[in-house]
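Accompanying notes for the structure given below.
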Amino acid sequence: MNAFSQLQFAKAAEFLVPSLIQGFSVVIQATIFGFLLATILGMVIAIGRLSNIKIIRGFLYVFLELIRGTPLLVQLVYIYYVVPLLFNLIASMFGVKTDVQIASLTAGIFGLGINYGCYMSEVIRASILSVDKGQTEAALVLGFGKYQALFRIVIPQALRSIVPSLGNYLVMMVKDTSLLAYVAVSELLLRTQNFASQTFLTIESYTYLAIAYLVISIPLSHLIKFVEYKLNNK
Amino acid sequence: MFNIFELEKKFGDLEVLKSISMYIEDGEVVCIIGPSGSGKSTFLRCLNLLEVPTSGKMYYNGTILDADLDSKKLRQEVGMVFQKFNLFPMFTVLKNITYAPINIKKMKKEDAEELAMDLLRKVGLADKANVYPSTLSGGQQQRVAIARALAMQPKMLLFDEPTSALDPELVGDVLEVMKQLAADGMTMVVVTHEMGFARDVADRVVFMDKGYVVEEGTPEKIFNQPENQRTKEFLARVL
């Protein structure tokens, strides 16, 4: 008898797939807002690290070391559980009794945004630095200021190499939303875990989970390749 | 226009300019010649504060140039043309020329474009207004760069080896444009290896070596009766 015939993919699909479809919307929210935050933060850190002011550069350097030296999962748990507790503790020192909590999806978005922002800042910084110095000088000698030259002339040229590599981070972030299961965001992994532990349809459930990620990430990475191709052939 | 006293520039321990004193008068064409590494380009870049001098004094029309000065204002009056053109690759030729007048001088778009077309005609490239710089030859790009600098209506132009990155057959067109500018009375400081241009166009030739001004004078004097031994040796090698 074929052992695989015992698997109940149809039964798993009936209950799990609708749940996963709901989970998609959570994944998409977390990715869109997380990536938006990461892009803004990455840009700000990159520009800050090119600043002349030593304190800013030093502060950002330490911040980057802290974030890149700890796992994303630990950061998520820290933001979700520790940050509210710390806040309440500090407030109590001033005699204020607070009971701040952070919504799990919000914590997830901040975790993803901060972590990815730090990695993306390095890509953005390298792209800005790779633009010929002559471009800045040409803008300066026409009477533009340093930051005008950066924003009007240099960054638009840097975007050409920034966009494709940020696309890769976008695909990575979609997959890393699975870590949000550990801060109680009901995304795909958490939904699947719950379903599998109730029904013992372990093989079926996690196979569907893997397929669900492929359904997002494969079209997305092809879309990014297409955008990259368009940018290079403009 | 410019009065420069005992200008010095160091990069770390490297002393690139050692006590340069010089003046530049209105309408004058000054050519700076000298071997590589003599500090010619650094000196030129000090004039519009792309490099900040380590010590010494510079006056521009009586105003002292120092850290407090708004270098943006100075640069609107003292334009610059680079060896490697440095046109903006994402803009058309026309936008390269109108970008600064529109954004810095707040010139109206139509006026800026009219001015740009006049300048393009002057440098012989009116038909290239709507193409991107990457489609142009080096000589054409450099002429666009000159038009771009002129669009700010500067009182003076600095040229940093404007023909050194060009194929030999393209040099002539650029020099022709520069000759025309000189004839129109533009104040120009030109760092160049084109001795023919220096001889024909310059009012004054300055020979620099190892961070010093070694000798200066009319082209006739420098090219025909150089006094300093180093000038003689340099000219013997390049002429």
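Here is the naming used below: chain letters follow the sequence lines, and residue numbers restart at 1 for every chain.
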Margin query: Testing the 3.5 Å rule here: is there a donor-acceptor pair between the side chains of A:Gln75 and A:Thr70?
Written below: yes
Next item on the list: Check for a donor-acceptor pair, side chain of B:Lys9 on one end and backbone N or O of B:Val52 on the other, with a separation under 3.5 Å.
Entry: yes
Notebook entry, point to check: Measuring heavy-atom distances to chain A, does B:Phe88 have an atom under 4.5 Å in its side chain, in its backbone, in both, or in neither?
Noted result: both
Notebook entry, point to check: Looking only at heavy atoms, which of residues 109-136 of chain A get nearer than 4.5 Å to chain B?
Noted result: A:Asp132, A:Gly134, A:Gln135
Notebook entry, point to check: Looking at B:Val81, B:Asn103, B:Leu74, which one has more heavy-atom pairs under 4.5 Å with chain A than the rest?
Noted result: B:Asn103
Checklist line | Flag, side chain of B:Lys40 to backbone of B:Gly34, donor-acceptor distance under 3.5 Å | finding: yes
Checklist line | Region of B:Leu87 that comes under 4.5 Å of a non-hydrogen atom in chain A | finding: backbone
Notebook entry, point to check: What part of B:Phe91 lies closer than 4.5 angstrom to a heavy atom of chain A: side chain, backbone, both or neither?
Noted result: side chain
Next item on the list: State, yes or no, whether a side-chain contact exists between B:Met80 and B:Arg45 at a heavy-atom distance under 4.5 Å.
Entry: yes
Next item on the list: Scan residues 137-160 of chain B for pairs that pass salt bridge (charged side-chain N to carboxylate O under 4.0 Å, His left out), counting only residues two or more places apart or in two chains.
Entry: B:Glu77-B:Lys155, B:Arg143-B:Asp173
Check: Where the side chain of B:Thr163 meets the backbone of B:Val171, is there a donor-acceptor pair that is under 3.5 Å apart?
Finding: no
Next item on the list: Heavy-atom pairs under 4.5 Å with chain A are the metric here; pick the option from B:Gln76, B:Lys105, B:Met152, B:Met90 that has the most.
Entry: B:Met90
Notebook entry, point to check: A:Gln157 versus chain B, heavy atoms under 4.5 Å apart: side chain, backbone, both or neither?
Noted result: side chain
Notebook entry, point to check: Is it true that a side-chain atom of B:Arg75 and a backbone atom of B:Asn48 form a donor plus acceptor pair closer than 3.5 Å?
Noted result: yes
Next item on the list: Output yes when a side-chain donor or acceptor of B:Asp26 lies under 3.5 Å from a complementary backbone atom of B:Met1, and no otherwise.
Entry: no
Notebook entry, point to check: Can you tell me if B:Gln142 uses its side chain to pair, donor with acceptor, with the backbone of B:Phe82 under 3.5 Å?
Noted result: yes
